[in-house]
Amino acid sequence: MQIFRAPSDPEVRRLIEQTVHDLLPQQSDDAVVLTADTPAGVDDLDPEEAAALRTAARTALMYGDTELITSLVDACGRESADRLYGTGLVTYALGLAHASHHVTIDGTQR
C-alpha cells in the first residue's frame, strides 16, 4: 500500500489545497433536506431521488468519503444499501471505510 505524505514545501501544500478545493463540488442551493415528508425507506424513494443519491454517493467516494453509504448501512441495513446503491458500490465503500479506519492523517497505521 502506498501512503501519501503531504509535501513539506508550504507553496506546494498551498497549491495542492487550492486544487483540491477547486475540484470538490460546492454545496448547491438544492441540497437534500430531511423533513417529515421524507420517504421512510429506500423503496419509497422516487426514481429521481434514488438517482440523485447514487450520483452523490459516487461523487463522494471519488474523494474518499464513504459516509452516505455507510450511514445507510448503519441506519437501515446492508440489504437496503445494496438495493439503493448496488452491491459493488456498497462493498467498495465498506472496504474503503474499513481500510481508512486504520490510517492516521500523517499516513501511519494504528
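Values below: every heavy atom of this structure, side chains too, minus hydrogens, waters and symmetry copies.
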For L72, all residues meeting side chain to side chain contact (heavy atoms under 4.5 Å, CB included), sequence neighbours excluded:
V42, C76, A81, L84, Y85
Output the distance between atom CG (L68) and atom OG1 (T55), rounded to the nearest 0.5 Å.
11.0 Å
Give every donor-acceptor pair under 3.5 Å between a side-chain atom in residues 86-94 and any protein atom, sequence neighbours left out.
residue: T91; atom: OG1; partner: R78; partner atom: NH2; Å: 2.8
residue: T91; atom: OG1; partner: T87; partner atom: O; Å: 2.8

Hey, could you give me each pair passing salt bridge (Lys or Arg N to Asp or Glu O under 4.0 Å) that has a residue in residues 65-76? Not counting sequence neighbours.
none
Looking at every heavy atom in both L96 and G64, which two are closest together, and how far apart are they?
CD2-CA, 4.0 Å
Got a sec, which residues hit side chain to side chain donor-acceptor pair (under 3.5 Å) with E48, two or more places apart in sequence or on another chain?
none
Enter the distance from R83:CZ to E79:CD here, rounded to the nearest 0.5 Å.
6.5 Å
D44 side, atom CG; E49 side, atom CD - distance, nearest 0.5 Å:
9.5 Å
Applied to residues 85-98, the salt bridge (Lys or Arg N to Asp or Glu O under 4.0 Å) test, sequence neighbours excluded, yields none
